[in-house]
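Just so we're on the same page: letters track the sequence lines, and every chain starts at 1.
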Amino acid sequence: MVAIDRQPKPGRQDVLSALADGEIPDALAEQVIDHLLGDPVQRERWLIYHAQADAMRFPTPSSLEDRAFLDRLSSRLASEPIHMQAASRAVAVRTTRWRRVWIRYGMPGAAAAAAVAVVSWMTYPYFDDREPSAGQLMAAQGMSKRADAPEMVSQDYLLAHQQFAPSSRLHGVAPYVRTASATVPVTTAASPVRTHP
Amino acid sequence: MTRLRATSWVVMLLALHAAVAVAEDVDQGLRWLERVQAAPMRTNYTGVFVYQQGQSVQSSRITHLAVGGSSRERLEMLDGQPREFIRNNDEVRCLLPESRTVRVERSVQHETFPALIQSSAREIAEFYAVRRTGSERVAGRECDVLELVPRDTMRYGYRFWADRATGLPLKAQTINEKGEIVEQIAFSEIRIGGGIDRALLRSRWNTEGWKVESTVASSTPLTDWRIVSPVPGFKKVREMRRTLAGHPEVGQVVFSDGLAAVSIFIEPLREGRVMQEGIASKGAINMISRRYGDHWLTVLGEVPASSIQQFANAVEFQPSASKP
């Protein structure tokens with residue numbers, strides 16, 4: 001792991017743009033993000049940067065242009081318990097890597113979902129359709145995928161939940177509509193928690 | 001003397017009438033609710049509805065017909081992934097064209113949980129104030145607006161627009177503790193009653209060569225786990241060991257208050273499996289995933305995030321003493 005100067009010389013704003021555009025290599029990116037997330041001012045800049053960048057590229061939900069929303073977001077992140085901050089960091093790392101893949105492969109816009117993805121409590125990486133191209137993209141990031149059973153995604157749990165929910169018994173298959181998503185996938189795994197028994 | 005007695009009779013009668021009137025309002029609300037709940041299974045209909053949550057909008061066509069002695073249904077997503085859900089009585093087939101997979105699920109009705117039998121409207125009324133608040137037109141039909149206001153902040157509220165003729169909900173909203181609409185489903189066009197083409201129940205897909213995943217479930221209690229419902233009104237309605245997306249030995253426990261449900265999935269950690277801890281929210285659904293010792297918990301349901309958190313915290317591992 002390469003040590004990073006905690007006071008990046010080009011100026012923090014430039015580091016932010018470089019980070020957001022995927023120009024900082026992974027090994028450094030994690031440390032930079034660590035540094036950014038540890039500083040409330042930088043965290044807010046990170047959020048605003050994404051909102052602005054995406055406003056130029058993709059349609060932006062109005063909430064991200066809302067100053068009050070960003071303020072609340074910032075203070076909410078500041079008051080997160082430690083384990084949630086770790087999750088925020090993990091999501092921020094994934095967002096950075098994913099952004100590089102997006103730029104390289106020209107994936108269609110995700111309606112500023114990238115900026116929203118920094119907000120850990122709002123985004124779970126798999127809360128979307130399991131796209132057939134996801135396997136290719138994961139391979140592109142050097143992840144190995146088990147050949148037998150595919151990864152369980154939140155869609156699977158949601159389908160399983162809907163199966164036995166009283167709403168299904170009463171309303172038939174209509175509640176299954178909750179399992180669909182009309183939005184483009186947000187992120188898929190880049191540096192998840194790998195567990196071993 | 002006579003006038004006084006007459007007056008006191010009048011007063012008593014008025015009081016009695018008022019008391020009866022109040023009781024009738026509650027009963028009336030419950031009758032509305034029962035009608036709304038029974039209608040989808042009783043009515044033949046086909047229509048297009050729009051499902052909205054957050055920034056996402058999804059149109060779908062749904063058709064329900066009683067054919068012979070069977071209840072058959074088909075939901076076809078019209079936007080995005082062209083998924084289909086086809087139900088024939090208890091069996092639901094989920095067609096996932098993006099992965100050429102058919103998931104077959106059977107929701108067995110003759111379970112021994114008394115709570116699975118439809119929660120009476122009266123039980124629901126214990127936790128929701130039920131009342132009719134007006135009438136509106138939806139999809140060209142006159143509807144009665146029914147509100148279910150939760151008596152606490154641990155569950156969502158609901159608003160139903162029920163077709164006056166049949167009770168079928170033509171529009172429904174789920175409302176959070178701040179009064180915001182977290183999800184809405186509304187028919188934009190609907191045809192109710194006779195003359196509906198059975199061809200609408202037929203899938204557009206030829207699923208030959210698709211992978212078929214059948215859920216295998218056995219209603220065995222999860223003996224090593226104890227979950228005491230932390231939210232009043234939520235009772236355990238299902239407990240089983242099942243396969244989930246091809247993975248065996250996933251425990252599922254479902255709690256419900258008659259309207260909303262929470263599922264708790266418990267599975268062993270699998271070697272090399274990629275796991276993500278986190279909290280997520282999508283529309284009315286909140287979800288938590290976290291590690292619990294050698295196991296992995298996933299808790300989700302259509303309740304506020306704080307209630308999902310409470311359910312997750314209520315899971316206890318209590319291994320039985322005698323183990324081989």
Set of residues satisfying side chain to side chain donor-acceptor pair (under 3.5 Å) with respect to B:Glu84, sequence neighbours excluded: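 So B:Glu84 forms a side chain to side chain donor-acceptor pair (under 3.5 Å) with B:Arg74, B:Ser203.
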
Can you tell which part of [X] gets under 4.5 Å to a heavy atom of chain A, answering side chain, backbone, both or neither?
X: B:Arg100; value: neither
X: B:Phe265; value: side chain
X: B:Leu75; value: both
X: B:Thr215; value: side chain
X: B:Ile185; value: side chain
X: B:Phe255; value: neither

Once you round to the nearest 0.5 Å, how far does OH of A:Tyr157 lie from OG1 of B:Thr298?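 One finds 3.5 Å between OH of A:Tyr157 and OG1 of B:Thr298.
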
Pairwise side-chain contact, B:Val92 with A:Tyr176, heavy-atom cut-off 4.5 Å (strictly under): yes

B:Phe49 vs A:Val177, test: side-chain contact (heavy atoms from CB on, under 4.5 Å). Steps then yes/no. CA-CA 10 Å; B:Phe49 67 80; A:Val177 73; 3.9 Å; yes

[X] versus [Y], closest heavy-atom pair with distance:
X: B:Lys282; Y: A:Arg178; value: NZ-O, 4.0 Å
X: A:Asp156; Y: B:Arg103; value: OD1-NH2, 2.6 Å
X: A:Ala160; Y: B:Gln252; value: O-NE2, 3.3 Å

For A:His161 and B:Glu302, test the side chains for any donor-to-acceptor distance below 3.5 angstrom and give the result as yes or no. yes

Residues A:Gln163, B:Arg242; criterion side-chain contact (heavy atoms from CB on, under 4.5 Å); working and verdict: CA-CA 12 Å; A:Gln163 179 184 358; B:Arg242 58 169 295 163; 3.2 Å; yes

